[in-house]
Amino acid sequence: MYKNSKTNIFGIIITIVLLIILVFLSNIKIEKFSYIGNAVNSLVMPIQNGLTYLKNKISGNNTFFTDISNLKQENKALEEKNSQLEESLRELEMLRAENETLKEELNLAEKYSEYKIVPAYVIDRDISNYSSDIVINAGKKDGINVNMTVIADKGLVGHVISVTDSTAKIQTIVDPASSVSCSLTNSKDGIIAKGTLEGKSEIKATYIPTECELVENDSIETSGLGGIYPKGIYVGTIKKVVNKNNITDRYALIETAVDFSKLDTVLVIIQ
Amino acid sequence: MKKVGLVIGLIITFIIIYILQSNFFSWFTLAGIKPNLFIILVLFIGLFAGRMYGITFGVIFGLLLDIFISKKIGISSIMYGIIGLLGGVLDKNFSKDSKITIIGMVIVTTFIYEFGNYLINSIIFSYTWETLSFLIKVIIEIFYNAVLTIILYPIIQRVGFSIQDLFKENKILTRYF
């Protein structure tokens, strides 16, 4: 068979070029062409969906009428079962919540076993934006008095500022009027932690000794000075150290261990 | 008799606002800031019922709030008294028919109340003065209060003028005849 050598070479070159293009194309990631796929899909899919729906309808139609009474019965039985299950789910939810609260209280009691404590719920919060006092549902008849320390499962909450027979007002440590004498857990350097207007879980450490080296994530606890808070109650960790030109002006922001926006159970230390 | 009914109504309004303020608005906040509906309430008592009623209700409501939640008794009492007085003074100098003036009054009184409250508190409890955070909070609160005033304006207007008819009967007569 006669073959033209020129067309033969030409054919080989075209094949090689095509192969090279193919190799290139196969290396390009498919995602780069997703917009083309999307465009095509958006054109085709509605039609495809419609057709499938029609097909299913037509093919299911012959059994539709025969099954309908069975389905009704089944539906009724399932609904009953569903309501039963929902009820038991609700019961379980309640049990779980109760369990969590009890566990929390047990943990608290174990953690602060050296103190005599009274548990209480937070029943009211400050209506103003500029202070963060709370009211709890335990008062004089539970043995609570002014200046007693209040804690939660994670750490210090504040102290009692006034008390009625069945309620007590607590000044939290994040309140701008509060200042707590604290110390760094590692170095035992004393600092004063003051509440700020900002945030619900941030206090400001001031009066930091000049020789003290502050490190982020250092933990802070009460120093026991000042006569209100007992020694060694966990307050929080240092979040940020702000250095100023003058070393005496520097301060640190402490993230409190207690989240005051979600605080609902507290413990009052009676002794 | 009607006056007694109105006073009871105002006290019920106070209780409703207290419940709203301590529950509903503690999660329905604007950037974490609650409004202060008590300022609007006391201002409107001052505006529509007169200076004396404004001061009286302001002081009583303030005292109740102090007892309920504050650290010291007297601070909110004084400040709400001043707001009631301001309501009376503003009533003499401005028209209550325009929505804009009412919103302006709410803005001014909210600022005066919060500034005074913060100033007194900072002196008594030796706060570290935080101007920027305070201003941000106050501006958001003023905005929130203004929005609430716009929403509540029709109710306030209607109730307000009926209060005014009851409490200021004699004064209006002497003024016009």
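If you're wondering where the values come from, they're calculated on a predicted model, not measured in any experiment. Reckoned from all heavy atoms, side chains included, excluding hydrogens, waters and symmetry mates.
Sorted by first and then second residue, the pairs that involve residues 70-94 of chain B and meet ring-ring contact (aromatic ring centres under 6.0 Å, His included), not counting sequence neighbours, are B:Tyr80-B:Tyr113.
For the pair B:Lys137 and A:Leu197, the tightest heavy-atom approach, listed with the atom from each and the gap, is NZ-O, 2.9 Å. Closest of all the heavy-atom pairs between B:Phe38 and A:Ile127 is CE1-CD1, 3.4 Å. Looking at every heavy atom in both residues, B:Val138 comes nearest to A:Tyr130 through CG2-OH, 3.2 Å. What you find for B:Ile69 and A:Asp126 is that their closest heavy atoms are CG1-CA, 3.6 Å. A:Ala177 approaches B:Lys71 most closely through the heavy-atom pair CB-CE, 3.6 Å. The minimum heavy-atom distance between A:Asp175 and B:Tyr127, with the atom names listed, is OD1-OH, 4.4 Å.
For chain A, no part of B:Ser122 is nearby; none of its heavy atoms comes within less than 4.5 Å. For chain A, no part of B:Ile140 is nearby; none of its heavy atoms comes within less than 4.5 Å. Heavy-atom distances place the backbone of B:Ile67, and not its side chain, under 4.5 Å from chain A. Heavy-atom distances place the backbone of A:Ser128, and not its side chain, under 4.5 Å from chain B.
Atom CZ of B:Phe125 is surrounded by more than 12 heavy atoms from other residues, nucleotides or ligands within 6.0 Å. Other residues, nucleotides and ligands contribute over 12 non-hydrogen atoms within 6.0 Å of the NZ atom of A:Lys188. Atom CD1 of B:Ile100 has 12 or fewer heavy atoms from other residues, nucleotides or ligands within 6.0 Å. Heavy atoms from other residues, nucleotides or ligands lying under 6.0 Å from CD of A:Glu216 number more than 12. Few gaps surround CZ on B:Phe161; more than 12 heavy atoms of other groups in view lie less than 6.0 Å from it.
Remark: the backbone N or O of B:Ile33 is not paired with any side-chain donor or acceptor of A:Asn129 at under 3.5 angstrom.
Rounding to the nearest 0.5 Å gives a distance of 14.5 Å between CD of B:Gln21 and CZ of A:Arg125. Once rounded to the nearest 0.5 Å, the distance linking NZ of A:Lys204 with OG1 of B:Thr128 reads 5.5 Å.
Among B:Pro35, B:Ser70, B:Gly32, the residue with the largest count of heavy-atom pairs under 4.5 Å with chain A is B:Ser70. When each of A:Pro176, A:Ser131, A:Ser162 is checked for heavy-atom pairs under 4.5 Å with chain B, A:Pro176 comes out on top.
Residues B:Phe68 and A:Thr167 are not in side-chain contact: their nearest non-hydrogen atoms beyond the backbone lie 4.5 Å or more apart.
A search for ring pair (Phe, Tyr, Trp, His ring centres under 6.0 Å) contacts involving B:Tyr153 returns nothing, not counting sequence neighbours.
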